[in-house]
Amino acid sequence: LGSKAYASQLMMKPQDDEGGLIKEKWLERITRSQFESYVDNEIELSKNRKDKSIISKPIPHFILDTATTKNKSNDPSAMLSYYKFDNRCYVFDVKTAYLNPSELNTWVINQVNKNGYQSGSMIKVESAMTGVALISHLKQAGYRVVDLGKPNKDKVWRVNQTLPELEGGRVLLIDGT
């Protein structure tokens with residue numbers, strides 16, 4: 001139960017005293033070298049485990065929220081690049097762009113390749129409007145795509161579902177994000 005749910009359920013206040021949904025203090029910032037040192041240390045420690053499960057270097061994954069418009073009064077397409085490691089999410093790049101449908105496929109492929117796409121990487125895309133065509137295009141191009149389905153709740157509701165992980169320090173930002 002995060003602070004928002006606590007304020008709403010137990011204190012009967014739908015908003016906590018700080019306001020807003022996501023608090024900057026929940027997102028720890030680390031340098032790229034701190035992240036790499038931590039990963040290397042955990043891999044080394046895993047070599048001495050009795051269960052012999054050796055941890056491997058994390059690979060990048062991607063989440064997309066697509067839109068196709070050059071109209072800046074609308075939301076842009078957005079891509080978040082991250083590593084999953086040690087039950088945490090390490091965000092290392094966030095990009096947004098106002099694109100028309102013909103530009104979206106090229107932009108996504110360029111971004112995932114620039115950010116180190118590998119055979120084990122996943123590109124997660126909602127299959128709403130422009131996402132349907134993008135999913136098909138990426139699969140045809142040989143990328144590993146996870147279809148997140150069409151959202152059946154609004155963005156605020158979906159953000160609220162992630163708040164306990166954010167508040168619990170399970171999402172970190174690698175400098176430059």
query: With hydrophobic residues grouped by side-chain heavy-atom distances under 4.5 Å, do L80 and L173 end up in a single group?
result: yes
query: Ignoring hydrogens and geometry, is there a side-chain-to-backbone donor-acceptor pair from R158 to K153 under 3.5 Å?
result: yes
task: Apply the test side chain to side chain contact (heavy atoms under 4.5 Å, CB included) to residues I30 and I174: give CA-CA distance (whole Å), side-chain angles for both, the deciding distance (0.1 Å), then the verdict.
output: CA-CA 5 Å; I30 61 171; I174 298 174; 4.2 Å; yes
- request: Over all heavy atoms of both residues, which pair between T96 and P76 is shortest? Give the atoms and the distance, please.
  value: CB-CG, 3.8 Å
K150, NZ atom: more than 12 neighbouring heavy atoms under 6.0 Å: no
query: Does one hydrophobic cluster hold both L163 and I63, with members joined at side-chain heavy-atom distances below 4.5 Å?
result: yes
message: Less than 4.5 Å apart, side chain to side chain, heavy atoms only: is that true for T66 and E126?
response: no
task: Look at the rings of Y38 and F85 and say which category their plane angle falls in: under 30° parallel, 30 to 60° tilted, over 60° perpendicular.
output: perpendicular
- request: Taking the side chain as every heavy atom from C-beta outward, state whether Y83 and L172 have any pair of such atoms under 4.5 Å apart.
  value: no
statement: The reported gap from CG in L134 to CG in D147 (rounded to nearest 0.5 angstrom) is 10.5 Å
- prompt: Same cluster or not: are V132 and M122 linked, directly or through other Ile, Leu, Val, Met, Phe, Trp or Tyr residues, by side-chain heavy atoms under 4.5 angstrom apart?
  reply: no
query: Applying the 4.5 Å side-chain criterion to the ILVMFWY set and letting contacts propagate, would F62 and V146 be lumped into a single cluster?
result: no
message: Assess the residue pair T31 and E36 against the criterion (side chain to side chain contact (heavy atoms under 4.5 Å, CB included)); give the C-alpha distance rounded to whole Å, side-chain angles, the decisive distance to 0.1 Å, and a yes or no.
response: CA-CA 9 Å; T31 65; E36 290 170 355; over 6 Å; no
message: Please determine whether the number of non-hydrogen atoms from other residues, nucleotides or ligands lying under 6.0 Å from atom CD of Q118 exceeds 12.
response: yes
- prompt: With side chains defined as the heavy atoms from C-beta onward, is the minimum distance between L104 and V108 less than 4.5 Å?
  reply: yes
side-chain hydrogen bond (donor to acceptor under 3.5 Å, both in side chains) partner of S102, chosen from N100, N105, T106: N100
message: Let me confirm one number: the CD1-OG distance from I135 to S127, rounded to the nearest 0.5 Å.
response: 5.0 Å
message: Determine whether a donor-acceptor pair (N or O, by modelled atom type, separation under 3.5 Å) exists between the side chain of Y117 and the backbone of I109.
response: no
query: Does the pair R88/E28 count as a salt bridge with the N-to-O cut at 4.0 Å?
result: no
query: Are any non-hydrogen side-chain atoms of K95 and N115 less than 4.5 angstrom apart?
result: no
Partner set under salt bridge (charged side-chain N to carboxylate O under 4.0 Å, His left out) for R170, not counting sequence neighbours: none
query: Short question: side chain of S37, backbone of Q34 - any donor-acceptor pair under 3.5 Å?
result: no
- prompt: Which atoms form the tightest heavy-atom contact between T130 and A67, and what is the distance?
  reply: OG1-N, 3.9 Å
- prompt: Between S121 (side chain) and P60 (backbone), is there a donor-acceptor pair under 3.5 Å?
  reply: yes
- request: Any chance you could measure K84, atom NZ, to C89, atom SG, to the nearest 0.5 Å?
  value: 6.0 Å
message: Using the ring centroid of each side chain, check whether F35 and F92 are separated by less than 6.0 Å.
response: no
message: Testing the basics here: between E42 and I55, what is the closest heavy-atom pair and its distance to 0.1 Å?
response: O-CD1, 3.9 Å
Interatomic spacing from OG in S77 to CD in Q111 - rounded to 0.5 Å: 11.0 Å
- request: Determine whether I22 and V156 fall in the same hydrophobic cluster, where Ile, Leu, Val, Met, Phe, Trp and Tyr are linked whenever their side-chain heavy atoms lie under 4.5 Å apart.
  value: yes
